[in-house]
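Side-chain atoms are counted along with the backbone in the values below, which use heavy atoms only and exclude waters and symmetry mates. Position 1 is the first residue of the sequence, and the numbers go up from there.
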Amino acid sequence: MEQTGRAAWTVGADGSVVGGARAIALAVAVCWRSRVPLWPWRIPGVPWVLDRVYDVVAANRRRLPGTTPFCVEHPEACEPDRG
């Protein structure tokens, strides 16, 4: 559980577990039904850079927009229908 608080994780069909920037790329590749998001991992040095960028973003994610739950920011939109 501690690891999931620090990084995104993806579990492949074969049971392989991938975390961090590569997990995000795999999730995007599945959503897009394309291998294009995985291409940077074939370029020497690029995976290291992507992992460092991911580490910085993950360490500061609480400062980024989108971390406050929608219903906290917009309680009127989450009220149950009373009609």
Side-chain angles (χ1 to χ4, degrees):
M1 186 70 154
E2 183 180 326
Q3 291 177 338
T4 60
R6 289 191 305 234
W9 293 90
T10 302
V11 179
D14 63 353
S16 61
V17 179
V18 178
R22 182 166 259 183
I24 299 299
L26 285 170
V28 172
V30 169
C31 289
W32 288 358
R33 296 183 178 158
S34 169
R35 292 183 178 259
V36 171
L38 304 177
W39 289 355
W41 271 266
R42 294 179 171 202
I43 303 168
V46 172
W48 183 87
V49 172
L50 293 173
D51 286 337
R52 299 301 73 77
V53 170
Y54 180 88
D55 291 344
V56 170
V57 171
N60 293 288
R61 68 177 170 244
R62 304 242 185 288
R63 297 178 184 175
L64 299 173
T67 58
T68 304
F70 181 83
C71 290
V72 170
E73 289 185 350
H74 308 282
E76 70 286 349
C78 296
E79 300 261 331
D81 262 348
R82 298 182 194 239

What pairs of donor and acceptor atoms, side-chain ones from residues 13-28 against any protein atom, are under 3.5 angstrom apart with sequence neighbours left out?
from	atom 1	to	atom 2	distance (Å)
Asp14	OD1	Ser16	N	3.0
Asp14	OD1	Ser16	OG	2.7

Which donor-acceptor pairs under 3.5 Å do side chains of residues 48-56 form with protein atoms, sequence neighbours excluded?
from	atom 1	to	atom 2	distance (Å)
Arg52	NH1	Trp48	O	3.4
Arg52	NH2	Asp55	OD2	3.4
Tyr54	OH	Ala8	N	2.7

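Here Trp39 sits in one hydrophobic cluster together with Val36; the rule is ILVMFWY side chains under 4.5 Å apart, joined directly or through other members.
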